[in-house]
Amino acid sequence: MFEQARGFTEEKLSDEIKKSLTASARICRGNIIKMTTLAMSGHPGGSMSSLDIYLMLYMLTNIDSKNVRKDDRDRVIISHSHTSPGAYTSLATAGFFDIDDAIAGFRLAGSPFEGHVERSVPGIEWGTGNLGQGLAVGIGKALYARMSDQNFQTYVFMGDGELQKGQIGESRRIASKYKLSKLTAIVDYNKLQISGDISEVLHQNIAQEWKADGWQVIEIDGHDYDQIYNAFYKANHNNDAPILILANTVMGKGVSFMEDKHGFHGAPVKPDQLTDALAELGMENDLEKYQQMRTPEFAQQLAKKYPLKISDYPQVNKGENINYAADAKSDNRSAFGNALVSVADANVSNKDFHIGVFDCDLAGSVKTAGFAKKYSENFFQFGITEHSTATSVGSLSAENAIGIWADFGMFAVAETYNQARLSDINHANVKLFCTHCGINVGEDGMTHQSIDYFGLLNSTFGWKVITPADPNQTDKIVRHALATQGNFAVIMGRSVLPIITNADGTPYFGEGYEYRYGRMEQIRSGEKVALVTSGNMLFAAMEAYDKLKADGVNISLYSISDWSDLDADDIMKLSTYANVVTIEDHNIKTGLGTAIGDAMITSGNVTSMTKLGVKHFGSSGKPAELYKMLGMDADSIVGTIKELS
Ligand SMILES: Cc1ncc(C[n+]2csc(CCOP(=O)(O)OP(=O)(O)O)c2C)c(N)n1
């Protein structure tokens, strides 16, 4: 019955389906109460107010419960993820999994049925929990539908207190700017949040704010199936501005002593009230059965039964390398811009190749303007909305598409760390190109000097940070990142950089050089001291090498571009030197030197180490002056190494 009705093709909801939804809702509400009381934690109140909409979403949208990653499925994004019990009970009712698994496995260590939804649960598109991000996730999906010429609908379900979050304002305006008529937002308007009445916690004028930003607003009773259906029908037959469904609901709906009580936002029904609550819903208290199921072995079985299934990464033709001659005057960010256009050109005839490049008002500086000019349909100008952009690019990149965001390092990493963390949790494939990183940004001063990109991203488990040394290496690294699954951050400075050369004057990273992710490059060889550097510091290190050589001190010089995955053989090799000196344009507490030191200690290959780099926030000035002030210039490196020799 429900399979035929999926997709809101019929103008009216049939009495038969309504009857079935009503019967299911009663049981779902009972199961919400059971699972939260069983776990002795969770959010029953919002789950019960959201329930009728959850049921309509999972019973009637176009998602095949037996093939949940079908590319043309509708996308349902849960933004108020603490209402996971509402989602789980509805998904189980719609046949996505067995309800007993969700009840007994709710918030059980090792089980996929976490307190906040995550992607290994069938039907869940995106792991959330940090409020305010869902709408930007929906934008990523709606853009994917558009660029892949598909007609699927994206629904984003949010809480009303959640709307206080600033990122939602960013996303609202972006969705409206791009006329995302296939994106539908739904708000569970129960008027309560943790601390009580939403208007007392922080006033909002929901309908007016959304209308002012160009949305259509439909206000409904969120417990009336005809009204919910009609709103969804309209959303599915909409070619105008995106639609917000403002659904008036009642927190704790269905159990008299829970209704309209904000205390039930985040507190379960106490065990001694459970029988009464379930009796109101015509259900028996069978909690004991689930208590017995709740074992570590059961959690393990669930983890096996519901493995995370992510889509394959798209095939990318890397195109032809661009080589820069030894006397070329360029910067890494221009080499990035050139490589980006070159890869897009190489894939232009592949109709399955989808790419989105995002900008936050800096395309000229971050060198995506060339791409924007040539591929304007694939370029998204999101304005100064880094939080939304970081989330939307993550969401797009988890589809059959390449999601690229270029920005200053400060705004692309430190500003949006939590969004990057969620891209890691969700196994996205963000390609983040950070320019103006390090003290190298110079005159803009300490607020703009991104000196913590590695420390932050290395606090996740998946992000890979790469710092190319010159335009030649940048070209190869950009192609590698674009063609490889996973979240990558390519870190570049602002300055024009000399091409790194071999001793014979030919480009080191030019023709014939093959980039090998994770491997160290020996730029010059010598004895006793290994000077190890990366990115834009390699040139200063070469200057130091030459000065030392002129003074009769012959050291080895290494460049490591891939800090996240240091190679065991490389670490062993470094440990054979009497001293290792690292120089980096990064906070020395959390950067390359620290990563090398950690790798040495944990592998047991230890030698003496000195870390040079950023020891305190910089100031405004020319990069060369700042490096000198901070003890990071060639003379300072020479001084340190002479002391060691
Ligand atoms: C960014 C962020 N800040 C704070 C929280 C903690 N938190 C979880 S739910 C919630 C209240 C949400 O209120 P509302 O959206 O009205 O949900 P409801 O009370 O209706 O379930 C808060 C503050 C969070 N999850 N994410």
Side-chain angles (χ1 to χ4, degrees), residues 50 54 57-58 61 63 68-69 71 73-84 87 114 116-121 123-148 150 152-159 162-163 165-178 180 182-188 215 235 242-245 308 310-311 354 356 358 380 382 385-405 416-430 432 487:
S50 295
Y54 269 132
L57 281 169
Y58 288 123
T61 52
I63 314 174
V68 293
R69 293 277 173 251
D71 204 40
R73 70 192 182 278
D74 288 339
R75 309 298 196 265
V76 174
I77 311 299
I78 301 171
S79 195
H80 61 331
S81 177
H82 57 277
T83 62
S84 57
E114 291 205 13
H116 295 81
V117 298
E118 58 112 350
R119 284 184 79 189
S120 51
V121 172
I124 299 297
E125 290 288 348
W126 197 255
T128 51
N130 312 98
L131 294 170
Q133 298 200 33
L135 193 56
V137 177
I139 289 171
K141 306 302 177 202
L143 290 178
Y144 173 62
R146 190 172 281 180
M147 68 176 68
S148 61
Q150 299 191 75
F152 66 76
Q153 192 78 21
T154 299
Y155 302 88
V156 179
F157 201 3
M158 296 175 286
E162 181 188 4
L163 300 186
K165 192 86 187 151
Q167 185 176 341
I168 292 178
E170 296 179 354
S171 304
R172 207 161 59 208
R173 288 186 282 279
I174 294 164
S176 162
K177 171 182 173 181
Y178 284 96
L180 298 178
K182 303 297 289 172
L183 176 68
T184 305
I186 309 134
V187 171
D188 175 26
W215 284 64
I243 289 178
L244 167 73
I245 301 173
L308 177 68
I310 51 173
S311 319
H354 308 298
F358 294 78
F380 302 103
F382 273 20
T385 65
E386 291 82 4
H387 295 95
S388 280
T389 305
T391 304
S392 296
V393 71
S395 161
L396 175 69
S397 77
E399 300 291 340
N400 179 31
I402 315 296
I404 297 165
W405 177 28
T416 50
Y417 172 67
N418 182 247
Q419 284 72 7
R421 190 173 178 273
L422 274 201
S423 282
D424 187 40
I425 285 174
N426 281 290
H427 300 269
N429 301 297
V430 176
L432 189 59
N487 294 305

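None of the values given here were measured: they were computed from a predicted structure.
Here the shortest heavy-atom pairing between Ser388 and Ala136 reads O-CB, 3.6 Å. Listed here is the closest heavy atom pair of Trp126 and Ala428: CH2-CB, 4.1 Å. A pairwise comparison of heavy atoms in Ala398 and Asn429 identifies CA-ND2, 4.5 Å as the closest pair. When all heavy atoms of Gly394 and Ser423 are compared, the pair lying nearest together is CA-OG, 3.6 Å. Considering every non-hydrogen atom in both Ile168 and Gly132, the closest pair reads CG1-O, 3.7 Å. Among all heavy-atom pairs drawn from Met147 and Ala401, the shortest one is SD-CB, 4.4 Å.
Side chain of Asn426 to main chain of Ser395: no donor-acceptor pair is present (N/O by atom type, distance under 3.5 Å, no hydrogens or angles). A distance-only check finds a donor-acceptor pair linking the side chain of Ser81 to the backbone of Val117 [under 3.5 Å]. Side-chain atoms of Arg146 never come within 3.5 Å of backbone atoms of Ala142 as a donor-acceptor pair (strictly under, hydrogens ignored). Between the side chain of Arg119 and the backbone N or O of Leu308, no donor-acceptor pair lies under 3.5 Å. Without hydrogens or angle criteria, Glu125 side chain to Val76 main chain gives no donor-acceptor distance under 3.5 Å. With hydrogens and angles ignored, the 3.5 Å screen pairs no side-chain donor or acceptor of Ser171 with any backbone N or O of Leu135.
A donor atom on one side chain and an acceptor atom on the other are found under 3.5 Å apart for Thr389 and Thr385. Between Gln133 and Ser79, the side chains place no donor N or O within less than 3.5 Å of an acceptor N or O (distance only, hydrogens not considered). A donor-acceptor pair shorter than 3.5 Å cannot be found between the side chains of Glu386 and Gln419.
Contact check for Ser84 versus His116: no side-chain heavy atoms found under the 4.5 Å cut-off. When side chains are defined from C-beta on, Phe382 counts as touching Tyr178, because their heavy atoms get closer than 4.5 Å. With a 4.5 Å cut-off on side-chain heavy atoms, Ile139 and Leu180 count as touching. Here the side chains of Phe157 and His80 are in contact, with some heavy-atom distance below 4.5 Å. Put simply, the side chain of Asp188 does not reach to within 4.5 Å of the side chain of Met158, judged on heavy atoms. Within the 4.5 Å cutoff, the side chain of Gln153 has heavy atoms near those of the Thr184 side chain. Side-chain contact between Val430 and Leu396 is absent, with no heavy atoms from C-beta onward closer than 4.5 Å. Using a 4.5 Å heavy-atom threshold, the side chains of Leu244 and Val187 count as touching.
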**Request:** Please assess Lys182 against Phe152 for the test side-chain contact (heavy atoms from CB on, under 4.5 Å), listing each intermediate value before the final yes or no.
**Result:** CA-CA 7 Å; Lys182 303 297 289 172; Phe152 66 76; over 6 Å; no

**Message:** Run Arg173 and Trp215 through side-chain contact (heavy atoms from CB on, under 4.5 Å) and show every step you take.
**Reply:** CA-CA 9 Å; Arg173 288 186 282 279; Trp215 284 64; over 6 Å; no

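Just one of Val156, Asp74, Leu183, Thr154 meets the side-chain contact (heavy atoms from CB on, under 4.5 Å) condition when paired with Lys141; it is Thr154.
Remark: Asn400 CG to Gln150 CD distance equals 9.0 Å, nearest 0.5 Å. Here the straight-line distance linking atom CZ of Phe380 with atom CD1 of Ile404 works out to 11.0 Å at 0.5 Å rounding. Distance check: Thr128 OG1 to His82 NE2 gives 10.0 Å after rounding to the nearest 0.5 Å.
In this pair, His354 and Tyr144 present their aromatic rings perpendicular. The plane angle is above 60°, beyond the 30 to 60° band.
Remark: Arg75 is not positioned above the aromatic ring of Tyr155, lacking an NZ or CZ atom under 6.0 angstrom from the ring centre and at most 45 degrees off the axis.
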